[in-house]
Amino acid sequence: MAETIYIDKNTMPGAFGITFFRQEITVVFTGLEVHTEKDDPILAEISRLCGLDFFSQEPEVPLYSVPYLEVFASDGRGGWLAGTEDLKDGPVYHIAQDRNVTPVTEHLSALFNMMVSDPDWRQKHLPGDWPPLPEDRTGRQKLAEALHLPCPVPEETEKTSTLPRVFSSREEAAKEFPIQDIWTVLRQKKTPRFQVHPMMSPTDREGRAFVHYRSWQETYPGLMPESILAGHTLKRCRKIAEKGNPDTNFVLLDRENGDRVVGFATISYRARDFVSVPEAGEVIALYVLKEYQGFGLGKLLMEHCLARLPRPRTALFVLKGNEKAIEFYEHMGFRFTGHSLVDERNSAKMTELEMVLERETANE
């Protein structure tokens, strides 16, 4: 029997993709997103002539859908118009105030053609009684021209017999569907004990921030000016973590200790402009908590980074005097280029030394 898993789409970072290779698994994405349009006078005309309010700003929509839907307009009476994730190709639904779902058209283009050409479209296609819309043939003609109507309607696709289910919240939906977060699904295997994963969950981000903060306190006293070290607060580290992309930020988890984040790394697929060598990726940061050092975890993190950097060279910068880190990078095959960066803040000065790994060296 095929297994069906339900994943909250709203917990999937935008740039992070997922593929399931086992054919016996069916994935259903759940949740709801609001589609907004640029603020334009045409929106007011659509509202006046067609009875739908498109959003120039994202409203609060207290709905949660199984499967995932995208709300793109309100009907002006507490209901919503929504489509599947790809609004251009999927069906359009009306969600009433009581969360009952009614199919409207098979495609968004069909909806536009219908609502501009037919003042009585709501009475024909939406549940309930609706007041008449303005006939205004001239206004409708101008609106059709502005929207480049009629839109070509895609060929009919196979109609689904199952309507989306809409709830007031994820918690309500979870009473009927076993909804999971994407990181839970990807991390079901608890072995080996230490694993590297993309930074996705709020716990990942908080853990990265703590490791970033604590590692500086453990590593840099005596190597870094006190004024710079004092400015590296946990609050600052949290802000950095919140901006981190899961495609370029990885957390090292202790699976036997409540998935504690014990290290992290950040990469750039294209090295920053001040890197001196051409055709290089970059390891921007790599830290492991002091209590977890000596178990090969830095090597595990570095190998994970290098496997995702396809360019011929990989660059990094290490603080001058940080001999332990320099020894580790040299062991991994990195060599000094002679290039350095000098950071001066409030009369404090520190120097970072550039090191580069040639891809040929990595493969030897």
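Please read these numbers as outputs of a predicted model, since none were measured by experiment.
Enclosure of atom NZ in Lys190 by more than 12 non-hydrogen atoms of other residues, nucleotides or ligands within 6.0 angstrom is indicated. Heavy-atom contacts from other residues, nucleotides or ligands closer than 6.0 Å to CG of Asp129 number 12 or fewer. Counting non-hydrogen atoms of neighbouring residues, nucleotides and ligands closer than 6.0 angstrom, the CD atom of Gln57 reaches no more than 12 such neighbours. Applying the 6.0 Å contact sphere to CD of Glu327 captures no more than 12 heavy atoms from other residues, nucleotides or ligands. For Glu37, the CD atom counts as densely surrounded, since its 6.0 Å shell holds more than 12 non-hydrogen atoms of other residues, nucleotides or ligands. Crowding of Arg270 atom CZ: a count of heavy atoms from other residues, nucleotides or ligands under 6.0 Å not exceeding 12.
Between Trp80 and Phe55, the angle of the ring planes lies from 30° to 60°, which puts this pair in the tilted group. Ring geometry for Tyr213 versus Phe210: interplanar angle of 30 to 60°, hence tilted. The aromatic rings of Tyr329 and Phe334 lie perpendicular to each other, with more than 60° between the two planes, well past the 30° mark.
In summary, of the residues considered (Phe194, Phe264, Phe250), a ring pair (Phe, Tyr, Trp, His ring centres under 6.0 Å) with His304 occurs for Phe250 alone.
Of all non-hydrogen atoms in Glu135 and Pro119, the two that sit nearest each other are OE1-CG, 3.6 Å. Between Arg311 and Tyr269 the shortest heavy-atom distance is NE-O, 3.0 Å. Nearest approach of His125 to Thr102, heavy atoms of both residues: O-CG2, 4.4 Å. Scanning both residues, Val116 and Leu143, for their nearest heavy atoms gives CG2-CD2, 4.1 Å. Heavy-atom minimum distance, Arg122 versus Asp75: NH1-O, 4.2 Å. Leu301 approaches Gly263 most closely through the heavy-atom pair CD1-C, 4.2 Å.
Using a cutoff of 4.0 Å between basic side-chain nitrogens and carboxylate oxygens, Asp259 and Arg187 are not scored as salt-bridged. Remark: Glu176 engages Arg165 in a salt bridge, criterion side-chain N to carboxylate O under 4.0 Å. The pair Arg48-Asp136 counts as a salt bridge, with a side-chain nitrogen and a carboxylate oxygen less than 4.0 angstrom apart. Under a 4.0 Å N-O distance rule, the pair Arg260/Glu291 qualifies as a salt bridge.
Of the possible polar contacts, one joining the Arg140 side chain to the Pro134 backbone as a donor-acceptor pair under 3.5 Å is found.
Tracing side-chain contacts under 4.5 Å through hydrophobic residues (I, L, V, M, F, W, Y), one reaches Leu252 starting from Leu306; they form part of the same cluster.
Taking 4.5 Å as the limit, some side-chain heavy atom of Arg272 sits within range of a side-chain heavy atom of Ile284.
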Given salt bridge (Lys or Arg N to Asp or Glu O under 4.0 Å), test Glu303 with Lys299 step by step and report yes or no.
CA-CA 6 Å; Glu303 288 176 343; Lys299 182 174 184 288; 2.4 Å; yes
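Taking the six-membered ring for Trp and the full ring otherwise, Phe177 and Tyr64 have centroids separated by 6.0 Å or more.
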